[in-house]
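Bear in mind the structure is a predicted one, so any value in this text is a computation, not a measurement.
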Amino acid sequence: MTGTTVCRTVVAIALTATLAGLTGCTSSGSPADGGPGGSAPPAATPQPSAPSSTAPPSPSLTGPSAEALRAVERATGRAGSARVESTTVMGSELSLKAAGALGWRDDGLTGTLTITYTGGTTAETMRRLGTTAMEARYLPDAYYAEVGDEFADRVGGRHWIKYVYEDLEDLGGGAGAGFADQMRNTTPNQAVKLLLTAEDVRRVGEEKTRGRRTTHWTGTVGGATAQTVDIWVDDRDLLVKKVERGRTENGELTQTAYYSEYGVTVSAERPPAADTADFKELLASQGG
């Protein structure tokens with residue numbers, strides 16, 4: 001790869017992986033042409049996920065099922081934070097696992113995840129460039145993706161890339177449209193809101209999930225770009241597990257997430273400014 005291509009690759013992969021570890025199918029948009037290994041600008045892969053999670057203003061579901069799920073939405077929303085473990089598979093492009101803690105309050109999403117690449121063509125590219133895992137820090141106005149030493153050499157020796165949500169909104173071709181809303185819509189209670197829009201939602205029954213008694217709900221959302229959403233809820237109306245399945249241009253996308261320790265203290269510090277490169281500036285310097 002040329003120096004320019006490597007730099008684009010670094011920024012694109014960091015963006016893709018950070019989003020994939022967080023959003024699953026509930027984020028809107030799909031990968032654009034080009035990829036981390038090509039010459040497309042870093043904006044080429046801003047949303048690795050499938051159909052939109054922005055729920056219609058009036059849920060389709062009514063009756064006892066709706067009442068039960070709205071209780072879950074309220075309880076999960078009030079909890080404000082949780083520990084998260086997830087696995088994500090995006091066709092043959094990327095598979096990864098993520099672990100950490102996320103918080104969702106009125107001022108936005110916060111938290112830190114450790115993201116480990118486990119397979120796919122993107123993971124192979126990352127391994128060739130000396131990185132198999134990264135840390136992602138989410139703050140209300142931006143998120144930060146850590147890069148390894150070899151990557152840092154390509155971006156002025158800095159080990160963090162900063163993605164300001166508003167800057168991603170301004171990406172050409174509408175690639176970042178609604179990005180800030182997507183980031184806000186990735187918390188557990190938002191998955192319940194999504195399920196409330198499904199006309200075929202149903203209670204599957206009682207099941208054991210990691211040793212806990214839970215109620216399993218399932219439904220199909222998204223119309224022409226249908227995806228399935230399954231959630232498992234405990235006796236406190238809190239999500240214990242979520243599975244989302246959809247399709248992207250690169251194949252099937254599946255994310256499984258487990259939630260625990262609701263109400264846990266969440267922290268996410270901004271990396272030192274001297275060790276941080278701004279996505280927008282990098283994009284401009286690479287001719288994006």
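- Between His216 and Arg203, every side-chain heavy-atom pair lies at or beyond the 4.5 Å cut-off.
- Remark: side-chain polar atoms of Tyr163 are not paired, donor with acceptor, to backbone N or O of Lys280 under 3.5 angstrom.
- The OG1 atom of Thr276 sits 11.0 Å away from atom NE2 of His159, with the distance rounded to the nearest 0.5 Å.
- Counting heavy atoms from C-beta on, the side chains of Leu196 and Val201 never come closer than 4.5 Å.
- The two atoms that bring Val147 and Arg158 nearest to each other are CG2-O, 3.8 Å, heavy atoms only.
- Asp230 and Thr218 share a donor-acceptor pair across their side chains, judged by distance under 3.5 Å alone.
- Between the side chains of Gln255 and Thr88, at least one donor N or O sits under 3.5 Å from an acceptor N or O.
- In this structure, CZ on Arg83 lies 10.0 Å from CD on Glu85, to the nearest 0.5 angstrom.
- Donor-acceptor pairing under 3.5 Å is recorded for the side chains of Thr215 and Glu206.
- For the pair Thr112/Tyr138, no side-chain contact is recorded, criterion being any heavy-atom separation below 4.5 Å from C-beta on.
- A donor-acceptor pair is defined here as one N or O able to donate and one able to accept, closer than 3.5 Å; no such pair exists between the side chain of Asp153 and the backbone of Gly157.
- Using cut-offs of 30° and 60° on the angle between ring planes, the pair Trp160 and Tyr144 is perpendicular.
- Taking the side chain as every heavy atom from C-beta outward, Pro140 and Tyr165 never approach each other to under 4.5 Å.
- Remark: the backbone N or O of Glu93 is paired with a side-chain donor or acceptor of Thr122 at under 3.5 angstrom.
- With rounding to the nearest 0.5 angstrom, the CD atom of Glu73 is 11.0 Å from the CG atom of Leu194.
- Looking only at distances, no side-chain donor or acceptor of Thr197 sits under 3.5 Å from a matching main-chain atom of Lys193.
- Side-chain contact between Asp278 and Val164 is present, with at least one heavy-atom pair separated by less than 4.5 Å.
- Taken from CG in Asn189 to CG in Asp237, the straight-line distance is 13.0 Å, to the nearest 0.5 Å.
- The nearest pair of heavy atoms linking Ala101 to Val264 is CB-CG1, 4.3 Å.
- Distance CG/Asp234 to CZ/Arg210: 13.5 Å, rounded to 0.5 Å.
- A salt bridge between Arg270 and Asp141 is present, with a side-chain N of the basic residue lying under 4.0 Å from a carboxylate O of the acidic one.
- With Thr214 contributing its side chain and Glu207 its backbone, the two residues share a donor-acceptor pair below 3.5 Å.
- A 4.5 Å side-chain heavy-atom check between Leu195 and Ile231 finds at least one atom pair inside the cut-off.
- In summary, Arg127 and Glu124 engage in a salt bridge, as defined by a charged side-chain N under 4.0 Å from a carboxylate O.
- Considering only heavy atoms from C-beta on, Val72 stays 4.5 Å or farther from Trp217 through its side chain.
- Residues Arg212 and Lys208 form no side-chain contact, since every pair of their non-hydrogen atoms from C-beta on lies 4.5 Å or further apart.
- Atom-to-atom distance recorded for Leu102:CG and Ser86:OG is 9.0 Å, nearest 0.5 angstrom.
- No hydrogens or angles considered: a donor-acceptor pair under 3.5 Å links the side chains of Thr118 and Ser95.
- The main-chain N or O of Ala145 is never found under 3.5 Å from a side-chain atom of Arg137 such that the two would form a donor-acceptor pair.
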